[in-house]
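Here's the structure we're looking at; comments come further down.
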Protein chains: 2
Amino acid sequence: MNYDEAKNKFISTWGSLGSLWGINKTMAQIHALLLISPEPLSMEDIMEQLQISRGNTSMNLRQLMDWGIVFKENIMGERKEYFTSEKDIQELTKQIAKERSRRELKPTIKILKDVSNMQQDGTSKTTELIKQTKALHEMASNLDTMMNKIATHDHNWFTKTLLKLIK
Amino acid sequence: MNYDEAKNKFISTWGSLGSLWGINKTMAQIHALLLISPEPLSMEDIMEQLQISRGNTSMNLRQLMDWGIVFKENIMGERKEYFTSEKDIQELTKQIAKERSRRELKPTIKILKDVSNMQQDGTSKTTELIKQTKALHEMASNLDTMMNKIATHDHNWFTKTLLKLIK
DNA sequence: TTAAACTTTCAAAAAATACTGAAAGTTTAA
DNA sequence: TTAAACTTTCAGTATTTTTTGAAAGTTTAA
């Protein structure tokens with residue numbers, strides 16, 4: 001496999017993975033491209049390499065920056081803006097864990113809590129609803145705590161802990 | 001909050017969560033409905049409660065069965081088919097971990113391995129591509145091992161382990 | 001058998017989502 | 001200032017995904 005084949009394979013795989021996880025394909029591809037690029041890239045570079053429009057590039061870069069995994073970088077003497085991604089995979093994992101907790105888990109946990117605290121009326125359907133949302137609440141809270149450990153501990157905590165678990 | 005409010009809140013929350021995770025909204029809503037229903041439901045019941053068509057119901061139920069989290073149940077003396085979901089949240093978690101490993105992680109790991117084993121040609125771009133895909137491969141493999149522990153260990157292993165971790 | 005009761009399939013329609021490109025906006029250098 | 005170099009926004013368009021509903025398929029009871 002030569003460089004271009006390998007690169008395209010990686011970018012397209014990352015792209016479809018992304019869309020499987022609620023992140024759009026282009027956003028994931030831009031991220032993949034930056035992740036393997038030794039140099040920061042300009043908007044033009046990204047547009048050209050992925051064959052996408054200026055508007056699309058701009059909006060997806062913004063979202064990646066909102067996720068905290070892509071950054072603007074100024075190159076001295078250059079007017080243009082350049083972009084890099086978080087290159088450290090452990091750091092990337094931490095950031096993703098943090099954001100998914102904030103965006104998805106926390107709000108879900110709140111609703112599960114509200115629902116499971118509804119008025120018990122003794123009917124079997126209410127009993128079941130309370131029971132199941134309580135159980136989901138507990139599971140989601142445990143997961144959330146784990147995600148936040150990943151996000152706040154030092155660099156290697158997650159890998160070290162995983163390995164300990166696994167043995 | 002009365003029963004209907006609570007139920008609707010739960011179903012719609014579960015629905016939007018689903019679509020955030022690559023599972024379509026209706027599929028997630030059917031799952032939610034079955035999860036909190038004390039009795040198995042027929043296709044008619046589901047169609048009526050979620051206001052969706054017969055075809056849609058049929059296809060999404062099939063997918064849920066493919067995931068191994070919804071089952072057909074025969075009620076004696078009844079011609080119709082009835083459906084229930086896995087009610088045990090720990091068991092549900094195991095099943096989801098297993099399927100996501102099989103459908104997403106495993107194929108991704110294979111590609112990361114292939115790409116990271118490409119011919120090194122000494123250029124900085126090739127070096128970076130190999131380095132990053134290797135790092136992702138390692139992270140993905142660790143996650144996959146964890147998911148499979150969840151999937152194969154006994155019932156409570158995951159929760160117990162999480163709690164140990166967390167403290 | 002056959003016909004009623006039910007489920008699945010799939011082409012077409014609808015809905016949701018993503019993308020384009022040009023106009024508007026911003027920044028910088030002179 | 002101003003104008004060149006760049007980025008953002010957003011209405012309209014294209015693409016993808018989901019849904020519908022009717023026809024085809026299957027099962028069961030008589």
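So you know, we letter chains A, B, ... as the sequences are listed, proteins then strands, and number each from 1. The figures that follow rest on heavy atoms only: side chains count, while hydrogens, waters and symmetry mates do not.
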Measure the spacing between [atom1] of [X] and [atom2] of [Y] and express it to the nearest 0.5 Å.
| X | Y | atom1 | atom2 | result |
| --- | --- | --- | --- | --- |
| A:His31 | A:Ile69 | NE2 | CD1 | 4.0 Å |
| A:Ile52 | A:Met59 | CD1 | CE | 12.5 Å |
| A:Thr152 | A:Met147 | OG1 | CE | 12.0 Å |
| A:Leu20 | A:Lys25 | CG | NZ | 13.5 Å |
| B:Ser116 | A:Phe10 | OG | CZ | 10.5 Å |

Exercise. Would you jot down, in residue-number order, the residues of residues 11-37 of chain A having a non-hydrogen atom under 4.0 Å from DNA chain D?
Key: none
Quiz item: Closest nucleotide of DNA chain C for B:Glu44 versus for B:Met59: which of these residues is on the 5' side?
Solution: B:Glu44
Exercise. State whether B:Trp67 and B:Arg100 meet the cation-pi test: NZ (Lys) or CZ (Arg) under 6.0 Å from the six-membered ring centroid, and within 45° of the perpendicular axis.
Key: no
Quiz item: Are side-chain heavy atoms of B:Thr127 and B:Gln120 found at a separation under 4.5 Å?
Solution: yes
Quiz prompt | Residue pair B:Thr133 / B:Ile111, side-chain heavy-atom distance below 4.5 Å | solution = no
Quiz item: Want to know the stems of DNA chain D: at least 3 consecutive Watson-Crick or G-U pairs with distances under 3.5 Å, which are they?
Solution: C:1-30 with D:1-30
Quiz item: CG of B:Asn60 versus P of D:dT19: gap in Å, rounded?
Solution: 6 Å
Quiz item: Separation of B:Asn56 atom CG from D:dT17 atom P, in whole Å?
Solution: 16 Å
Quiz item: A:Asp144 pairs by salt bridge (charged side-chain N to carboxylate O under 4.0 Å, His left out) with which of A:Lys106, A:Lys98, A:Arg102?
Solution: A:Lys106
Quiz item: What is the 5' to 3' range of DNA chain C, first to last nucleotide, that sits under 4.0 Å from any heavy atom of chain A?
Solution: C:dA18 to C:dT28
Self-check item: DNA chain D: 5'-proximal contact among A:Arg79 and A:Met43 (nearest heavy atom)
Solution: A:Arg79
Exercise. Give a yes or no answer on whether the side chain of B:Glu86 reaches the backbone of B:Asp88 with a donor-acceptor pair at less than 3.5 Å.
Key: yes
